[in-house]
Every structure is written in C-alpha cells, then in structure tokens.
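A short write-up of the structure that comes next.
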Amino acid sequence: MPNNKFTGKILWRNRFAFYLLAVGSACGLGNIWRFPYVAGENGGGAFILLYLLLAFTVGVSILIAELMLGKKSEASLLKITHRVSTTHKKPYFWISRLTLFITLVILSYYSVISGWVLHYITQFVVGFFRGDTLHYISSLNMKVLTDNGWLQFALASVHLIVAGLIVGQRITNRFEKILTTFIIPVFVFLFAMLLVRSLSLDSTPEVLRFIFYPDFSKLNLRSLGHAIGHVFFTLSIGVGALVTFGSYFKAEDHLPKVGFRVMMVDVMISLFSVLLVFPIAFSIGEKPLTDPSLLFEALPRLFMKIQFGALFGLGFFICLWAAALNASVGLLETLASNYSERYLKSDRKNSIWLITVITLGFTIIPAFSGSALKDVKLFDQTLLENIDSFLINYLLPISGLGMAFLFFKALPLADQKDLFLDEKTESSYALINYWQAILKFAAPILIAAGIILQIIALVRG
Ligand code: PFF
C-alpha cells in the first residue's frame with residue numbers, strides 16, 4: 001500500500017473502508033449529542049429544515065472545496081497559506097492561524113464532552129460489578145459531573161492522552177481499522193435497535209409532529225447562526241481536518257461525490273439521533289430538550305426499559321467514545337502535522353505531546369465551568385456555554401469562509417473545473433456553476449447574516 005506523502009499515512013485500497021473513514025471523521029458527538037439539544041433549543045421542525053437546507057448548499061460546497069484544497073496542494077494548511085501569501089504578495093496567515101487556534105479550542109472542549117461519555121462507561125462497569133446496574137442507570141445524572149471540575153478535568157485528560165498515544169505512536173491506522181471493521185458495525189446495530197425501541201414509546205406521534213411540522217414562528221434571531229455553526233461543526237468544516245483528509249484521496253476519486261455522500265450520511269445520523277432521543281425526552285414529562293445534558297439524561301432511561309439494557313448501554317457508550325476518540329485523533333493529527341512542519345521544527349512526537357499539554361490547559365475552563373468557575377458568567381451563560389457558542393456559532397463559520405477564500409486563491413479556475421467535472425457524472429456539468437455561486441456569494445452572505453443577527457439578539461438581551 002502506498003504512503004501518503006504529507007502525513008505518512010497508509011492509503012487504504014478498499015473503497016468501502018475509505019468511505020467509512022471519511023464518514024467517521026464527520027460523525028461523532030456533534031450528531032448524536034449536540035444536534036438533538038440544539039434542534040430542541042431552536043424549536044424543532046423549522047430549525048431542522050433550515051439545517052438541512054444549509055447542509056445541502058453551503059455545507060457540502062465548502063466541504064468539497066476543502067477536500068479539493070488538500071488533494072491538489074498535498075500540503076498542510078499552514079504551508080498552503082504560506083504559498084498563497086507568497087504568490088499573491090499578501091499575508092493570508094490569519095486564515096490558518098485562526099483555523100488552527102479554533103482546532104485547538106475545539107479539541108479541548110470536545111475532550112471535556114468525551115470525558116462525560118467516559119464517565120458513563122465507568123458507571124456502567126461499576127454497576128455491573130456491584131450487580132445493581134438498574135439502580136446505577138436510574139441514578140446516572142449529569143449533576144455529579146457538572147458539579148465536579150476535577151473529575152471532568154481528569155476524564156478529559158484520559159481522553160486526550162489516549163488520543164495523543166494513538167497519534168504519537170502512529171497507530172492511527174490500526175485504530176481506524178478496528179473502528180471500521182468492528183466498532184462501526186456494532187454501533188450501527190445498537191443504534192438501530194435502540195431507535196426501534198425509542199420509536200415504540202407513546203410519545204412518538206408528538207415527536208414526529210415536533211420534528212416534521214415546521215413551525216417557523218419558533219425560529220429566532222439566533223437560529224440562522226446556530227444552524228450554520230452546527231452544519232460546520234458536524235461536517236468538520238473550518239478546522240483544517242478536511243484539508244488533511246483531502247490529501248489522502250487518489251486521482252480517480254471524484255471529490256464532489258465523496259463530499260456529497262459524506263454529507264448525506266452525516267445528516268442521516270443527525271436525524272436518526274433526534275428520533276432516538278426525543279421520544280424518551282418527551283416521555284419524561286418536563287421535556288428537557290434544550291440542555292446539553294439531553295442525551296446523557298435520556299438514554300439511560302431507555303436502557304432501563306430493555307432486557308440486558310445495562311449491557312447495551314455499556315456497548316453504546318463505548319462505541320460513542322470510540323467515535324469521539326476518532327474525531328479527536330483527527331483534530332490532533334491536524335494540529336501536529338501543521339505545527340511540527342512549520343513552527344515546532346522538533347520531532348513529531350515532541351510536538352504531539354506539547355500540543356496535548358497545551359490543549360489540556362485549555363480544558364480547565366470548560367471543565368470547571370460548572371464548579372469553581374460557575375459564578376463567572378458572560379451574557380447570562382456559563383463559560384462552557386460561551387465557548388460552545390462563540391466557537392461554533394461565530395468563529396467556525398468565519399474560518400470556513402476563510403477556507404473558501406483560500407480555495408479560490410490557491411486553485412486556478414482550470415484546476416477547480418478539473419476536480420469538479422467528471423465525465424461519468426453528468427450532473428457535475430449542471431452543478432458546477434451553482435457550486436461556485438454558493439461559495440462566492442451565498443456562503444458569505446448567509447454567514448454574515450447569521451453573525452449579524454446573533455449580535456443583534458445579544459445586544460437586545
Ligand atoms: N464533526 C465532528 C462531530 O460531529 O462530532 C466534530 C469534529 C471532528 C469537528 C473533527 C472537527 C473535526 F476536525
């Protein structure tokens with residue numbers, strides 16, 4: 001198997017495995033944990049429709065552009081901006097610096113949430129050995145975690161160190177193979193089984209109305225920005241990971257098709273996640289739909305209703321953690337390959353550990369936001385909520401736009417056409433103009449509108 005020039009990663013020959021890998025980098029906590037409560041927070045159906053429209057236009061267009069940037073340049077983001085700045089005699093470094101800063105903060109924030117998943121795994125195991133799993137399931141709640149900053153910090157550290165070991169020991173390939181051959185199939189099975197059980201609850205008709213009947217009066221000034229931010233987060237746009245990933249593809253791979261399929265699978269998983277979580281949340285009564293604890297509060301209640309529920313619960317959270325670990329490995333790999341190439345100039349292993357330690361430093365803020373830092377509030381929100389909102393709803397869309405800008409600067413029109421048009425895919429000829437128009441006009445306008453509307457909402461209070 002040939003090596004990739006840029007990262008030294010082994011290229012996978014098997015197409016199916018390749019797709020699983022691409023999908024694996026997009027699917028994670030964003031779909032299963034974040035999407036349900038963000039959709040709940042924004043009123044359900046109308047927001048989901050907005051999210052779908054944005055995923056099928058702006059989202060997939062930038063996703064494809066980022067993949068192309070990586071494939072054509074075969075270089076890290078920092079190198080690409082360096083080249084572009086030299087050719088155009090203008091400094092465009094802000095794009096890669098902003099992007100890599102966002103990547104670092106997302107990794108720290110993502111590690112804290114992954115730590116929550118780890119906590120649930122440990123609780124299932126403890127319950128199993130004590131022989132009273134049902135009691136454990138019913139007493140699992142988020143308060144134990146949010147009140148305890150040290151516990152969150154310790155769990156996030158474990159998560160980050162495991163990610164660091166995988167990237168540092170260069171066993172990413174082995175980990176991905178385990179993921180694609182074992183974890184993903186098990187996850188699909190468990191997910192499908194739980195989905196069927198959840199949809200058999202009495203609350204399902206009400207949930208279906210909430211999800212599929214768009215009530216536009218429920219949208220507010222923040223909704224557009226929230227939808228764009230979430231589309232970018234869930235598709236891993238604007239963090240440089242897709243640029244790295246694009247460089248793995250071979251000449252004969254048609255990237256628009258790859259991008260479209262990745263987006264489709266990602267969107268489907270998000271929709272299934274809403275269908276999994278909402279029926280349980282609706283049947284609880286007080287409908288805690290808008291809280292980040294939604295997934296963690298809802299699922300254990302479903303496991304209690306199922307035979308061998310504790311075992312299935314353990315399996316589900318292990319798979320979820322593996323998916324989160326995969327996403328974190330992607331983020332760390334991106335940071336490591338960029339920084340070790342340009343700044344750190346030391347060997348790769350050292351730079352990985354240095355980045356891991358810096359990221360750990362950043363995790364302190366979200367980890368302690370519910371305990372030692374709970375009185376530090378901005379705009380009436382905790383620091384964790386502020387990081388989530390500022391990072392995902394403001395910075396990520398700006399950096400995604402930076403990527404589109406870089407794409408046009410780095411790739412001449414002939415290259416763009418060459419990569420987009422495919423004789424075997426007739427629709428590519430019809431779609432190329434739309435794609436370019438979305439990148440050049442629709443994306444900047446929508447992103448600017450999303451940000452301005454959110455600022456107005458903030459000022460109004
Ligand atoms: N797309 C991932 C998710 O939905 O969980 C989050 C993520 C992973 C964002 C990797 C960015 C990234 F580079």
Side-chain angles (χ1 to χ4, degrees), residues 7 20-39 51 54-55 59-60 62-63 66-67 69-70 76-77 96 98-117 159-160 163 166-167 172 175-176 179 183-184 187 191 226-248 259 262-274 292 295 319-338 355 359 387-388 391-393 395-397 399-400 403:
T7 57
L20 281 183
L21 208 60
V23 168
S25 93
C27 298
L29 294 172
N31 311 72
I32 298 170
W33 159 72
R34 195 172 186 273
F35 185 63
Y37 85 81
V38 173
Y51 156 82
L54 288 163
V60 72
I62 302 188
L63 172 79
E66 261 193 59
L67 287 175
L69 195 59
S76 69
L77 193 60
S96 48
L98 172 74
T99 303
L100 293 171
F101 172 72
I102 294 174
T103 310
L104 193 86
V105 185
I106 287 197
L107 179 58
S108 65
Y109 158 82
Y110 208 78
S111 301
V112 172
I113 314 296
S114 306
W116 295 359
V117 180
H159 176 81
L160 256 177
I166 292 175
V167 179
T172 317
F175 170 63
E176 278 161 358
L179 205 74
I183 304 272
I184 293 180
F187 205 11
F191 200 113
H226 283 192
I228 296 176
H230 189 77
V231 166
F232 280 42
F233 181 69
T234 187
L235 293 177
S236 310
I237 293 171
V239 289
L242 290 167
V243 176
T244 313
F245 198 58
S247 65
Y248 301 162
V262 170
M263 184 273 298
M264 280 297 284
V265 176
D266 193 76
V267 160
M268 298 286 281
I269 295 178
S270 293
L271 293 179
F272 284 141
S273 302
V274 167
L295 175 84
C319 292
L320 186 60
W321 183 57
L325 193 57
N326 187 39
S328 307
V329 163
L331 289 165
L332 199 55
E333 182 102 45
T334 304
L335 286 168
S337 44
N338 273 284
I355 292 165
T359 314
I387 292 177
D388 176 289
L391 206 64
I392 296 178
N393 302 333
L395 288 185
L396 209 50
S399 114
M403 293 288 184

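Order of appearance sets the numbers: ligands from 1, and atoms from 1 within every ligand.
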Would you indicate whether the side-chain heavy atoms of [Y] and [X] approach each other to under 4.5 Å?
X    : Y    : value
T234 : R34  : no
Y51  : S270 : yes
L295 : L320 : yes
M403 : L77  : yes

Q | From CA spacing to verdict: side chain to side chain contact (heavy atoms under 4.5 Å, CB included), I32, F191 | A | CA-CA 10 Å; I32 298 170; F191 200 113; 4.1 Å; yes
**Q.** Part of T234 with heavy atoms under 4.0 Å of ligand 1, whether side chain, backbone, both or neither
**A.**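 The part of T234 near ligand 1 is both the backbone and the side chain.
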Looking at [X], which atoms of ligand 1 are within less than 4.0 Å of one of its heavy atoms?
X    : result
A241 : 13 (F)
L331 : 10 (C), 11 (C), 12 (C), 13 (F)
V239 : 11 (C), 12 (C), 13 (F)
N31  : 4 (O)

Q: For atom 5 (O) of ligand 1, find the nearest protein heavy atom and state the residue, atom name and distance (0.1 Å precision).
A: Y110 OH, 2.6 Å
Q: Measure the distance from atom 7 (C) of ligand 1 to every protein heavy atom, then report the residue, atom name and distance (to 0.1 Å) of the closest one.
A: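 Going atom by atom, the protein heavy atom closest to atom 7 (C) of ligand 1 ends up being S236 OG, 3.6 Å.
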(Q) Does the plane of the ring in Y109 sit parallel, tilted or perpendicular to the ring in F233? Use 30° and 60° as the thresholds. (A) perpendicular
Q. If every non-hydrogen atom of S114 is compared with every non-hydrogen atom of W321, which pair is closest and at what distance?
A.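 Nearest pair, atom of S114 first, then W321: O-CD1, 3.9 Å.
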I want to know if ligand 1 touches [X] in the polar sense, i.e. an N/O pair below 3.5 angstrom.
X    : result
L235 : no
G30  : yes
L29  : yes

Q: Report the C-alpha distance between I62 and F232 in whole Å, list the side-chain angles of each, state the deciding distance to 0.1 Å, and finish with yes or no for side chain to side chain contact (heavy atoms under 4.5 Å, CB included).
A: CA-CA 9 Å; I62 302 188; F232 280 42; 3.7 Å; yes
Q.
Considering A327, A26, G240 one by one, which has a heavy atom nearer to atom 3 (C) of ligand 1 than any of the others?
A.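 Minimum heavy-atom distance to atom 3 (C) of ligand 1 goes to A26.
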